[in-house]
Amino acid sequence: MAQNGLDTDIQFLPGVGPKRASLLKKELAVETVGQLLRLYPFRYIDRSSFMRICDLRPDMAYIQIRAVVLRAEVIDRKRLSVWVGDGTGEIETVFFKGMKWMAEKLKPGSEFIFFGKPTAFNGRINIVHPEVDTPSTEATGNSTGAGSTMTGVYTSTEKLKNGGVTGKVMNKLMDAALSKGLPYVEESLPEYIMKQHGLVPLHFALRNIHFPKDMVSLEKAKYRLKFEELFYLQLSLLKQKYVRSRAEQGIMMPRVGEAFNRCYEALPFPLTGAQKRVITEIRNDMKSGHQMNRLLQGDVGSGKTMVAVLTALIAIGNGFQACIMAPTEVLAQQHYKNIQKFLEPTGVKSALLTGSSKASERREVHAGLEDGSVGIIVGTHALIEDNVIFKNLGLVIIDEQHRFGVEQRSKLWRKASCGAPPHVLVMTATPIPRTLAMTLYGDLDVSVIDELPPGRKPVQTIHATDGKRPALYKFMRDQIALGRQIFIVYPLINETEKLDYQSLEAGAEEIMQKFPFPDYKTAVVHGKQLNDVKKFNMDAFAAGRADILVATSVIEVGVDVPNASVMVIESAERFGLSQLHQLRGRVGRGSEKSYCVLMTGHKLSKESRHRIELMCATENGFELAEEDMKMRGPGDLEGTQQSGLPISLNIASLAKDGLILNAAREAAESVLDSDPTLSENRNSLLVKELKKDKYQIKDYSKIS
Ligand code: ADP
Ligand code: MG
């Protein structure tokens with residue numbers, strides 16, 4: 001038998017037994033009393049307030065009505081339709097399952113409480129499968145919750161419901177779990193932190209999260225539990241950062257150097273304030289004697305390349321080599337090409353190394369890296385896979401970080417040749433909401449370029465459906481007549497998806513029919529082409545030899561064609577917000593007015609419609625990223641799929657609890673500021689908690 005009430009198997013709780021216990025284990029992964037206590041309600045029913053039927057609207061969230069059954073009838077043997085009324089109106093409730101049982105229960109003339117979501121159906125409002133309660137059982141309620149008007153609602157599944165684990169049963173279980181387990185629950189935050197931040201004790205929080213005494217107690221309970229979760233997460237991340245900054249010696253780069261100055265003086269434009277600020281931050285890192293681990297976030301077109309070049313030149317100026325890695329061949333080539341003009345006045349030698357570099361070129365580059373004559377190397381994964389040896393690598397710049405796996409990055413890491421690891425700058429154009437950045441990169445320093453170079457015109461974003469295609473083609477012809485170029489992008493969500501290629505091919509064919517050669521020139525680019533072919537077509541478009549580029553989302557990252565002024569995105573509803581935003585960033589780079597046309601089907605889900613509307617409403621990448629996170633949750637955001645969130649949150653939400661996260665982050669910082677090793681007595685509880693599984697954060701192999 002378990003020593004500790006928290007380890008007790010839930011099958012020993014009254015009303016459970018082996019069968020329900022195995023169901024709970026399967027459906028909710030709950031086995032012990034302790035685990036059960038940490039399964040929090042996701043919503044509460046306010047027993048004290050009822051809506052009037054006449055006030056119900058189809059867009060309402062879950063509501064509760066108190067109504068008398070008027071009539072019930074089974075329709076087509078498929079569904080039970082029960083009309084109920086409360087004096088202000090009548091509404092139909094519908095049941096597809098358990099019809100017989102419901103029909104017996106819902107006798108005309110008797111009163112019930114119905115809880116559910118009003119939906120529009122055939123021009124009327126109805127409620128499908130409401131929870132049904134009899135007013136009398138509700139009055140007796142549960143023992144612990146006496147005086148409470150709120151009842152917790154827990155995640156449930158069809159199987160749980162069929163197995164008799166209803167909402168009411170869950171409430172009873174929680175009541176039993178609290179009596180059995182709570183005495184064994186130990187406080188998990190030090191007294192002084194609770195005091196400083198006005199947090200309620202854990203016992204109070206657990207009791208009130210399940211059975212809120214009132215609204216205020218519930219808020220206090222939630223705040224305490226969320227704070228605790230975010231606090232330990234931040235403490236864990238920041239502790240890694242503290243440990244590393246003490247442990248890792250960095251390469252000292254005290255000078256700016258001549259190459260930097262020559263490049264800077266020859267710039268055709270003044271740097272933006274944001275670029276200057278970021279370069280100062282980077283420069284301070286590089287001369288600090290500690291290794292730089294910095295994330296540089298900047299919207300598409302914000303001028304990150306410039307920052308990368310100047311950063312690389314600082315390394316050069318201190319006698320080190322720099323490497324710039326891009327996620328794709330096309331991008332590496334583009335980077336290489338772009339930086340030439342900036343390097344020209346400096347005399348620094350650069351080279352390009354990708355999967356398609358010829359053997360002879362490759363040998364030459366290898367030799368140059370080994371003897372140090374090549375100062376800046378630009379490339380793709382080939383930089384890692386290859387047997388590349390540096391004379392003295394001092395800086396690694398990684399563009400579009402999320403495309404690189406942790407493993408690949410750490411390989412590069414090991415190429416350090418002079419004892420200390422190279423400085424690392426990770427650049428990403430995917431705006432990440434601040435709360436997510438703090439969590440994903442909590443152990444990195446973050447710089448943000450939040451200002452676009454002057455003179456960029458806003459991109460006008462338009463939503464259109466198939467019926468508007470003739471108008472779209474006319475608009476495209478007009479633009480081409482003005483000398484502009486046009487991107488048309490097809491979704492390639494799944495590399496192996498045949499359909500995606502089919503729609504691209506069909507689309508390209510139609511374009512070539514409507515825009516016939518030789519009056520119009522169309523280039524096609526997709527992931528299945530050989531690198532040479534891809535490059536040829538890309539180049540044709542970049543050099544202005546093609547008017548239209550039909551592509552899959554391979555062009556998503558980075559290509560710079562200032563003369564392109566129209567971006568048409570086909571099946572735009574299939575793209576996520578941040579991807580749409582990335583694609584739109586391909587236009588509006590020149591001096592002409594630019595357009596983004598989002599083509600969608602007629603029928604859009606509510607969420608897709610919302611996405612499209614947001615795109616039409618704002619160009620601010622951070623705003624879009626925040627919204628994206630609210631809609632899809634942080635786990636599905638671009639940039640997080642690969643690395644995943646470092647821990648899974650049980651109650652706090654990165655999308656909604658930004659303020660609590662701030663407070664928790666500050667609290668963790670202040671703890672570590674005064675006791676970096678957590679060796680003070682009052683912090684011993686923190687050390688113990690941090691050892692728990694849930695706070696073990698994946699090591700991002702030091703880079704991110
Ligand atoms: P990102 O990599 O952040 O998407 P780029 O570095 O490609 O952006 O810059 C986009 C364009 O803006 C480039 O053509 C670049 O030469 C130009 N640019 C960069 N910085 C400035 C600046 N301070 N003023 C004017 N133009 C700039
Ligand atoms: Mg770029």
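Whatever order the structure lists them in is the order used to number ligands and atoms, beginning at 1. Only a predicted model underlies this, so the values are computations on that prediction, with no experimental measurement involved.
Counting heavy atoms under 4.0 Å from ligand 1, residue P270 touches it through the backbone alone. Residue contacts with ligand 1 for M427 are absent, since no atom lies close enough (heavy atoms, distance under 4.0 Å). No part of N338 comes within 4.0 Å of ligand 1, judged by heavy-atom distances.
Atom CG of L482 has more than 12 neighbouring heavy atoms from other residues, nucleotides or ligands inside a 6.0 Å radius. Under a cut-off of 6.0 angstrom, the local environment of CD in E361 is crowded, with over 12 non-hydrogen atoms contributed by other residues, nucleotides or ligands.
By the 3.5 Å distance cut-off applied to N or O atoms, L271 is not counted among the residues near ligand 1. In terms of polar-atom proximity, defined here as any N/O pair under 3.5 Å, P454 makes no such contact with ligand 1. Taking any N or O of G303, backbone or side chain, at least one lies under 3.5 Å from an N or O belonging to ligand 1.
Among G301, P453, A308, G273, the residue whose heavy atom sits closest to atom 10 (C) of ligand 1 is G301.
Near T272, with a cut-off below 4.0 Å to any heavy atom, the atoms of ligand 1 are 23 (N). Here is the list of ligand 1 atoms found below 4.0 Å of a heavy atom in D299: 3 (O). Within ligand 1, the atoms closer than 4.0 Å to a non-hydrogen atom of T305 are 2 (O), 5 (P), 6 (O), 7 (O), numbered from 1 in the order shown.
Under the 4.0 Å criterion applied to side-chain N and carboxylate O atoms, R277 and D450 are assigned as salt-bridge partners.
In this structure, Q485 contributes its side chain and A546 its backbone to a donor-acceptor pair below 3.5 Å.
No hydrogens or angles considered: a donor-acceptor pair under 3.5 Å links the side chains of S447 and R294. A donor-acceptor pair shorter than 3.5 Å cannot be found between the side chains of T600 and E573.
Remark: Y473 engages F515 in a ring pair (Phe, Tyr, Trp, His ring centres under 6.0 Å) (not counting sequence neighbours). Every residue meeting the ring pair (Phe, Tyr, Trp, His ring centres under 6.0 Å) condition with F541, not counting sequence neighbours, appears here in chain and number order: F487.
Using a 4.0 Å heavy-atom cutoff, S302 is listed among the residues neighbouring ligand 1.
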